[in-house]
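Working notes for the structure below.
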Amino acid sequence: SAKNIDNARGGAIFAGFLKILPVFILILPGIIALKLSGGNVTGDKAYAWLVTSYLPSGWRGLVIAGLLAALMSSLSGMFNSTSTLLTIDIFKRLRPKADDKTLVRFGRIATAAMVALGLLWIPFIGLLSDERMYVYLQSVQAYVAPPIAACFLFGIFWNRVNGKGAIASLLTGLVLGAFRFIIEIQAKTGSLQSEFLNYAASVNFLHYAIFLFVVCSAVLVGVSLMTDAPDKRQLRHLTFSESGDIHSEKGKYHSLNVFASVALVVILLVLWWIFR
């Protein structure tokens, strides 16, 4: 919905600054609870302990109501997106003549199935989180994001990448991410006997994300080079080198955007150095 390219770039940069906030919103309360409790309260217990110990009755209700409202909003949005994806992109293609009533019924069934799967997955969340939900959320993203990031970055900056390479890269990332997820669960339950698999399951998830990105990038480049190059006409306005008249728009390198980008990179490096 940006009015021009320069406005879209500014919005993306601003979103980068906003992504810094969760680190403090999620981590600082835990540090505060650790200090106030004398080291007795850690992990996911910190938020509940702060609410019950330091807020009066009325404020507790408001905080809990806000938490539940945010939770319900997130879940409803996720279920709606998932059911829409399954209904429109999969079911409707398999049954193109299905009427609206059939599509709505399938969407409801898909939503109910997602709710059931979510409930069944709760024990695994407790097993993998080690009472640190934030680490669990980041680790799951680390198994999913690398192949997507590889396809996006190479697709933007290199016009030789094609669809076959992207599909191969995404499937490779899916297999390797699922493999790490499965062996991590087995390692937590103590059912892994192989020393190599135990090592692979114990590697920090961020380091595994780097490995996953490198492998998916290699697959993407290799498969793309072994298959036909995409048509130049298909790449117009899609890759950096084939952007055409977009590059000539006024404000291509807006000074404020450049300054904000540099500031964002510097802030991220400083935060990484502080919390390394």
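Not measured: the values here are computed from a predicted model. Values below: every heavy atom of this structure, side chains too, minus hydrogens, waters and symmetry copies.
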Quick check on the hydrophobic clustering: are [X] and [Y] connected, directly or via other members, by side-chain heavy-atom contacts under 4.5 Å?
| X | Y | value |
| --- | --- | --- |
| L62 | V51 | yes |
| L264 | I274 | yes |
| V262 | V270 | yes |
| L271 | I27 | yes |
| L28 | I20 | yes |

- Task: Check ring-ring contact (aromatic ring centres under 6.0 Å, His included) between Y54 and all other residues, then give those that pass, not counting sequence neighbours.
- Result: W49

- Task: With sequence neighbours left out, write down each residue that passes ring-ring contact (aromatic ring centres under 6.0 Å, His included) with W121, or none if nothing qualifies.
- Result: F124, F181

Can you list the other members of the hydrophobic cluster that holds [X], where links are side-chain heavy atoms under 4.5 angstrom apart?
| X | result |
| --- | --- |
| I148 | V144, L170 |
| V175 | none |
| I64 | L68 |
| V203 | Y199 |

Could you go through residues 204-229 and list every donor-acceptor pair under 3.5 Å that involves a side-chain atom there, pairing it with any protein atom two or more places apart or in another chain?
{"residue": "N204", "atom": "OD1", "partner": "L206", "partner atom": "N", "Å": "2.8"}
{"residue": "Y208", "atom": "OH", "partner": "L176", "partner atom": "O", "Å": "2.8"}
{"residue": "S217", "atom": "OG", "partner": "F213", "partner atom": "O", "Å": "2.7"}
{"residue": "S224", "atom": "OG", "partner": "N162", "partner atom": "N", "Å": "3.4"}
{"residue": "S224", "atom": "OG", "partner": "N162", "partner atom": "OD1", "Å": "3.4"}
{"residue": "S224", "atom": "OG", "partner": "L220", "partner atom": "O", "Å": "2.7"}
{"residue": "T227", "atom": "OG1", "partner": "N162", "partner atom": "ND2", "Å": "2.6"}
{"residue": "T227", "atom": "OG1", "partner": "V223", "partner atom": "O", "Å": "2.7"}
{"residue": "T227", "atom": "OG1", "partner": "S224", "partner atom": "O", "Å": "3.4"}

- Item | For K188, side-chain hydrogen bond (donor to acceptor under 3.5 Å, both in side chains) partners two or more places apart | D130

- Distance-only, no hydrogens or angles: does the S83 side chain make a donor-acceptor pair with backbone N or O of N80 under 3.5 Å? yes

- Mark yes or no for whether T82, through its side chain, and F79, through its backbone, hold a donor-acceptor pair below 3.5 Å. no

- Query: Any ring pair (Phe, Tyr, Trp, His ring centres under 6.0 Å) pairs touching residues 4-28, not counting sequence neighbours?
  - Reply: none

Under 3.5 Å, which donor-acceptor pairs do the side chains of residues 70-78 form with other protein atoms, sequence neighbours left out?
{"residue": "S74", "atom": "OG", "partner": "A70", "partner atom": "O", "Å": "3.0"}
{"residue": "S76", "atom": "OG", "partner": "M72", "partner atom": "O", "Å": "3.0"}
{"residue": "S76", "atom": "OG", "partner": "S73", "partner atom": "O", "Å": "2.9"}

Between [X] and [Y], which heavy-atom pair has the shortest distance, and what is it?
| X | Y | result |
| --- | --- | --- |
| A166 | C151 | O-SG, 3.7 Å |
| A46 | A33 | CB-CB, 3.5 Å |
| I183 | R180 | CG1-O, 3.3 Å |
| R60 | L55 | NE-O, 2.7 Å |

Side chains of [X] and [Y], heavy atoms from C-beta outward: is any pair under 4.5 Å?
| X | Y | result |
| --- | --- | --- |
| L50 | V41 | no |
| V266 | L269 | no |
| I13 | F259 | no |

Spatial distance of atom [atom1] ([X]) from atom [atom2] ([Y]) [nearest 0.5 Å]:
| X | Y | atom1 | atom2 | answer |
| --- | --- | --- | --- | --- |
| S37 | I32 | OG | CD1 | 11.5 Å |
| Y136 | Q141 | OH | CD | 11.0 Å |
| L86 | I90 | CG | CD1 | 5.0 Å |
| N40 | K45 | CG | NZ | 10.5 Å |

What side-chain donor-acceptor pairs closer than 3.5 Å can you find for residues 94-101, not counting sequence neighbours?
{"residue": "D99", "atom": "OD1", "partner": "T102", "partner atom": "N", "Å": "2.9"}
{"residue": "D99", "atom": "OD1", "partner": "T102", "partner atom": "OG1", "Å": "2.5"}

Distance-only donor-acceptor hits, side chain of residues 105-120, under 3.5 Å, sequence neighbours excluded:
{"residue": "T111", "atom": "OG1", "partner": "G107", "partner atom": "O", "Å": "2.9"}

- Message: Run L21 and L18 through side chain to side chain contact (heavy atoms under 4.5 Å, CB included) and show every step you take.
- Response: CA-CA 6 Å; L21 297 179; L18 292 180; 4.1 Å; yes

